[in-house]
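Got a structure here, written out as structure tokens. Questions coming.
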Amino acid sequence: MRKLPIGDDRYTTDSTTGEEIVVRSPYDGHEIDRVPACGSAEVERAVATAVAVHRAGPLPAWKRAEILDRAAQLLSERTEQFARTIAEEAAKPIKTARVEAKRAVSTFTFAAVEARRLAGEIVPLDASDVGEGKLGFTLRVPVGVVGAISPFNFPLNLVAHKLAPAIAAGCPVVLKPASQTPLSAIALAELLLDECGLPAGHLNVVTGGGGSVGNAIVDDPDIALITFTGSPEVGWGIRARAPRKKVGLELGNNAPVIIQPDGDWLTAAAKISVAGFSHAGQSCISTQRVYLHEDIADAFLAELLPRVEALVVGDPLDDATDVSALISTGERERVESWIEEAVGEGARVLAGGVERNGVLAPTVLGNVQPEMKVCSQEVFGPVVAVQTYTDVDEAFRLANETRYGLQAAIYTRDLPLALRAARELDFGGVLVNEGPDVARRPDALRRRA
């Protein structure tokens with residue numbers, strides 16, 4: 001049983017619920033570890049501790065930066081250790097997990113820089129005649145206790161995305177990691193508290209379900225800011241439930257890629273064969289929809305499909321593995337049902353669509369229609385849907401035909417068209433001659449999502 005840092009204590013089996021969560025490998029189901037199933041009482045205790053820390057005042061900027069620098073250093077030295085934890089609990093292939101661990105190093109490095117330069121502004125009051133002879137300035141102060149709710153798909157770096165900026169700003173945190181993948185988060189918390197100099201109470205971890213722990217965090221009046229990464233339904237529900245709090249949401253996506261005849265479609269095929277299936281498509285910026293100009297469709301598919309079929313499916317701890325299991329059997333069955341439904345409505349399976357070694361193989365669907373779930377919703381699985389178009393106006397219309405709006409991409413050598421895509425594709429980020437998985441803006445959220 002893993003112990004949780006709450007205040008000055010390492011909290012373990014004496015939870016008020018008397019229950020525990022068994023963390024199992026999504027790949028073969030073996031038990032990895034157990035964590036307490038916390039309830040509202042543990043959340044209250046964690047929040048009370050964080051409130052006391054906040055009222056005592058923030059750590060000085062140099063100390064916050066020092067903690068973050070130390071965290072980056074130790075994560076860099078222990079990339080393999082954290083990568084193996086990610087691979088085990090999330091079934092993320094080990095070579096992909098290593099990339100996530102390295103990204104977490106960068107997250108803490110950037111936060112350390114920000115901790116040193118957080119500052120207010122000078123306000124030129126004499127811009128108005130009544131302000132003549134007067135000078136104003138602003139100070140940046142911690143907003144208060146942060147309630148952080150993280151997802152399963154990036155169990156280390158998306159936790160780092162929430163913790164590192166909060167530490168930089170001087171805000172204590174109550175963290176609820178995903179119940180399926182809490183071990184990376186707990187290990188990171190232990191590193192920060194035990195080895196980096198973060199004082200007890202500045203970070204409190206509570207594990208448990210969304211309906212118990214998650215709701216308790218959202219509803220607690222002493223939490224000033226909620227940061228949530230996950231599904232749109234849950235995210236917008238949180239915002240509605242906490243109208244007086246600051247709420248930061250990073251929600252789902254349904255990333256389209258438009259490939260023009262003048263674009264480097266060979267490179268596009270190579271990148272999509274990875275971007276569509278990395279971590280079994282369980283990423284908000286995974287390529288899901290591909291719009292091919294009809295002049296290059298056959299040649300593009302002739303390049304893409306063999307690459308997809310060659311992806312190695314299997315054990316996430318095997319260095320050869322490219323794609324492993326979805327986070328649960330239920331999720332695999334859901335994605336399979338969406339594929340079957342699409343085929344029943346006229347789609348064709350061009351690659352995959354079957355299980356290999358108990359894992360859903362990377363799947364490419366052709367002859368899809370916009371209203372199919374594999375096109376209109378976020379699959380969050382190893383599925384790429386391909387559709388052809390005759391003119392770019394049609395491609396833009398199809399790409400925008402979604403309630404999501406995080407990332408999109410276009411491959412073209414036509415600079416005016418690329419700039420038009422940046423203006424007309426209704427997404428927070430539009431990548432040119434790169435896949436939508438290259439970078440993301442956490443604030444790029446469409447209000448109707």
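Residue numbers count from 1 along this sequence. Heavy-atom basis, side chains included; hydrogens, waters and symmetry copies ignored.
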Quick check: closest heavy atoms across Y291 and P256, and the distance to 0.1 Å?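 Distance-wise, the nearest heavy atoms are CE1-CB, 3.8 Å.
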Which atom of S231 lies closest to which atom of L251, heavy atoms considered: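 Here S231 and L251 meet closest at O-CD2, 3.7 Å.
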Side chains of T227 and K162: is there a donor and an acceptor less than 3.5 Å apart?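 Per modelled atom types, T227 and K162 side chains form a pair under 3.5 Å.
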Taking only residues at least two apart or on different chains, which pairs with a member in residues 73-116 satisfy ring pair (Phe, Tyr, Trp, His ring centres under 6.0 Å)?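 The answer is none; no pair qualifies.
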Find out whether L360 and I339 are in side-chain contact, i.e. whether some heavy atom of one side chain is under 4.5 Å from a heavy atom of the other.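 Yes, side chains in contact.
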D393: what forms a salt bridge (Lys or Arg N to Asp or Glu O under 4.0 Å) with it, not counting sequence neighbours?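 For D393 the salt bridge (Lys or Arg N to Asp or Glu O under 4.0 Å) partners, ignoring immediate neighbours, are R420.
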T321 side chain vs V323 backbone, donor-acceptor pair below 3.5 Å: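 Checked: no pair found.
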Quick one: is the NZ or CZ of R64 closer than 6.0 Å to the six-membered ring centre of W62, and within 45° of its axis?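 No, R64 does not lie over the aromatic ring of W62.
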By salt bridge (Lys or Arg N to Asp or Glu O under 4.0 Å) - contacts of D262 (at least two apart):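 Not a single residue meets the salt bridge (Lys or Arg N to Asp or Glu O under 4.0 Å) criterion with D262.
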So does R356 have more than 12 non-hydrogen atoms from other groups sitting under 6.0 Å from CZ?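 Enclosed: over 12 neighbouring heavy atoms sit under 6.0 Å from CZ of R356.
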Does E121 CD have over 12 foreign heavy atoms under 6.0 Å away?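 12 or below, so no.
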Does the side chain of V257 come within less than 4.5 Å of I410's, by heavy atoms?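 Sidechains of V257 and I410: no contact.
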Is the closest side-chain heavy-atom distance between Q260 and L417 below 4.5 Å?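 Side-chain contact under 4.5 Å: yes.
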Residue pair L326 / A280: nearest heavy atoms and the distance that separates them: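 Looking at all heavy atoms of both residues, the shortest contact is CD2-O, 3.7 Å.
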Quick one: salt bridge (Lys or Arg N to Asp or Glu O under 4.0 Å) partners of R307, sequence neighbours excluded?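 E303.
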Rounded to the nearest 0.5 Å, what's the gap from OG1 on T96 to CZ on F154? Could you check?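 Between T96 OG1 and F154 CZ, I get 9.0 Å after rounding to 0.5 Å.
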Please give me the minimum heavy-atom distance between V206 and C38, naming the atom from each residue.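 Answer, listing the atom of V206 first, then C38: CA-SG, 4.2 Å.
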With distance as the sole test, does S184 use its side chain to make a donor-acceptor pair with the main-chain N or O of L156 at under 3.5 Å?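 The answer is no, because no donor-acceptor pair under 3.5 Å joins these two groups.
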Tell me whether R397 at atom CZ has more than 12 heavy atoms from other residues, nucleotides or ligands lying less than 6.0 Å away.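 Counting neighbours around CZ of R397, more than 12 heavy atoms of other residues, nucleotides or ligands fall under 6.0 Å, so yes.
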Stepwise side-chain contact (heavy atoms from CB on, under 4.5 Å) test for W338 and V343: CA-CA 9 Å; W338 285 19; V343 170; over 6 Å; no
Which residue pairs pass the salt bridge (Lys or Arg N to Asp or Glu O under 4.0 Å) test with at least one member in residues 315-329, sequence neighbours excluded?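 Pairs touching residues 315-329 that pass the test: K95-D322, R98-D319.
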Decide yes or no on side-chain contact (heavy atoms from CB on, under 4.5 Å) for T287 and F277, but give the supporting numbers first. CA-CA 8 Å; T287 299; F277 308 105; over 6 Å; no
For residues 164-181, tabulate all N or O donor-acceptor pairs below 3.5 Å that involve a side-chain atom, not counting sequence neighbours.
{"unit_1": "K176", "atom_1": "NZ", "unit_2": "G208", "atom_2": "O", "d": "3.1"}
{"unit_1": "S179", "atom_1": "OG", "unit_2": "G208", "atom_2": "O", "d": "2.9"}

Taking atom CD1 of I285 and atom CG of N254, what is their separation to the nearest 0.5 Å?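 Going from CD1 on I285 over to CG on N254, the span is 13.5 Å.
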Tell me, do C196 and L74 make a side-chain contact under 4.5 Å, heavy atoms counted?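 Answer yes - side chains close enough.
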For T107 and N157, does a side-chain donor sit closer than 3.5 Å to a side-chain acceptor?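 Yes, a side-chain donor-acceptor pair sits under 3.5 Å.
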When you check the side-chain N and O atoms of E100 and H279, is any donor under 3.5 Å from an acceptor?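 Side-chain D/A pair, E100 to H279: absent.
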From CA spacing to verdict: side-chain contact (heavy atoms from CB on, under 4.5 Å), L406, F427: CA-CA 5 Å; L406 192 61; F427 293 80; 5.7 Å; no
Which pairs pass salt bridge (Lys or Arg N to Asp or Glu O under 4.0 Å) with one or both residues in residues 268-295, sequence neighbours excluded?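 Found K271-E434.
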Decide yes or no for I217 and I226: does some side-chain heavy atom of the first lie under 4.5 Å from some side-chain heavy atom of the second?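 Yes, their side chains come closer than 4.5 Å.
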Taking G211's backbone N and O only, do any of them form a donor-acceptor pair with N215's side chain (distance below 3.5 Å, no angle check)?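 Yes.
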Least distance between heavy atoms, A112 atom then D69 atom: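 Closest approach of A112 to D69: CB-OD1, 3.2 Å.
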So does E80 pair up with K102, basic N to acidic O under 4.0 Å?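 No, E80 and K102 are not salt-bridged.
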Applying ring pair (Phe, Tyr, Trp, His ring centres under 6.0 Å), can you list everything that pairs with H293, at least two apart in sequence or on another chain?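 Y389.
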Check for a donor-acceptor pair, side chain of D33 on one end and backbone N or O of V23 on the other, with a separation under 3.5 Å.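 No, the answer is negative, given that no donor and acceptor are paired below the 3.5 Å cut-off.
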Kindly write out the residues that satisfy ring pair (Phe, Tyr, Trp, His ring centres under 6.0 Å) with F396, not counting sequence neighbours, or none if the list is empty.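 In terms of ring pair (Phe, Tyr, Trp, His ring centres under 6.0 Å), with neighbours along the sequence ignored, F396 is linked to no residue.
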Quick one: is the NZ or CZ of K92 closer than 6.0 Å to the six-membered ring centre of F152, and within 45° of its axis?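 Not flagged: K92 not positioned over aromatic ring of F152.
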Within a strict 4.5 Å, meaning less than it, do heavy atoms of the V218 and I149 side chains meet?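 Of all side-chain heavy-atom pairs linking I149 with V218, at least one is under 4.5 Å.
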Distance from L304 atom CG to L350 atom CG, nearest 0.5 Å?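 Going from CG on L304 over to CG on L350, the span is 9.0 Å.
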Looking at S286 and A275, would you say the former's side chain and the latter's main chain have a donor-acceptor pair under 3.5 Å?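 Looks like yes, one N/O pair under 3.5 Å.
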Quick one: salt bridge (Lys or Arg N to Asp or Glu O under 4.0 Å) partners of E114, sequence neighbours excluded?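 Partners of E114 by the salt bridge (Lys or Arg N to Asp or Glu O under 4.0 Å) criterion, ordered by chain and then number, come out as R117.
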Please report the C-alpha distance between H161 and E250 in whole Å, then the side-chain angles of each, then the deciding distance to 0.1 Å, and finally whether the side chain to side chain donor-acceptor pair (under 3.5 Å) criterion is met. CA-CA 11 Å; H161 276 203; E250 185 175 359; 4.9 Å; no
Any donor-acceptor N/O pair, R34 side chain to M1 backbone, under 3.5 Å: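 No, R34 side chain to M1 backbone: no donor-acceptor pair under 3.5 Å.
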Quick check for you: to the nearest 0.5 Å, what is the distance between T207 atom OG1 and L183 atom CG?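 It comes to 9.5 Å.
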Please list all pairs meeting salt bridge (Lys or Arg N to Asp or Glu O under 4.0 Å) that have one or both residues in residues 178-196, counting only residues at least two apart or in different chains.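 Counting only pairs at least two positions apart or across chains, the salt bridge (Lys or Arg N to Asp or Glu O under 4.0 Å) contacts touching residues 178-196 are R2-E190, R10-D194, R78-E195.
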For residues L365 and V384, determine if any side-chain heavy atom of one lies less than 4.5 Å from a side-chain heavy atom of the other.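 Result no, sub-4.5 Å side-chain heavy-atom pair not found.
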So do the side chains of E89 and S25 get within less than 4.5 Å of each other, counting heavy atoms only?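 No - every pair of side-chain heavy atoms lies 4.5 Å or more apart.
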Which side-chain N or O atoms in residues 367-382 pair as donor and acceptor under 3.5 Å with protein atoms at least two apart or in another chain?
{"unit_1": "N367", "atom_1": "ND2", "unit_2": "G346", "atom_2": "O", "d": "2.7"}
{"unit_1": "S376", "atom_1": "OG", "unit_2": "M372", "atom_2": "O", "d": "3.0"}
{"unit_1": "E378", "atom_1": "OE2", "unit_2": "N253", "atom_2": "N", "d": "3.2"}

Where P36 and I21 come nearest, the two heavy atoms and their spacing: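 That closest heavy-atom pairing would be O-CD1, 4.1 Å.
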Taking I258 as the fixed residue, which of V290, L425, L398 is the one that meets the side-chain contact (heavy atoms from CB on, under 4.5 Å) rule?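 Looking at V290, L425, L398, the match for I258 under the side-chain contact (heavy atoms from CB on, under 4.5 Å) is L425.
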Using a 6.0 Å cut-off, check whether atom CZ of R116 has over 12 heavy atoms from anything other than its own residue.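 Count over threshold, so yes.
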Working to the nearest 0.5 angstrom, can you tell me the gap between N153 CG and T229 OG1?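 Here the interatomic distance stands at 8.5 Å.
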What distance do T85 atom OG1 and L188 atom CG have between them, rounded to the nearest 0.5 Å?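 Here the interatomic distance stands at 11.0 Å.
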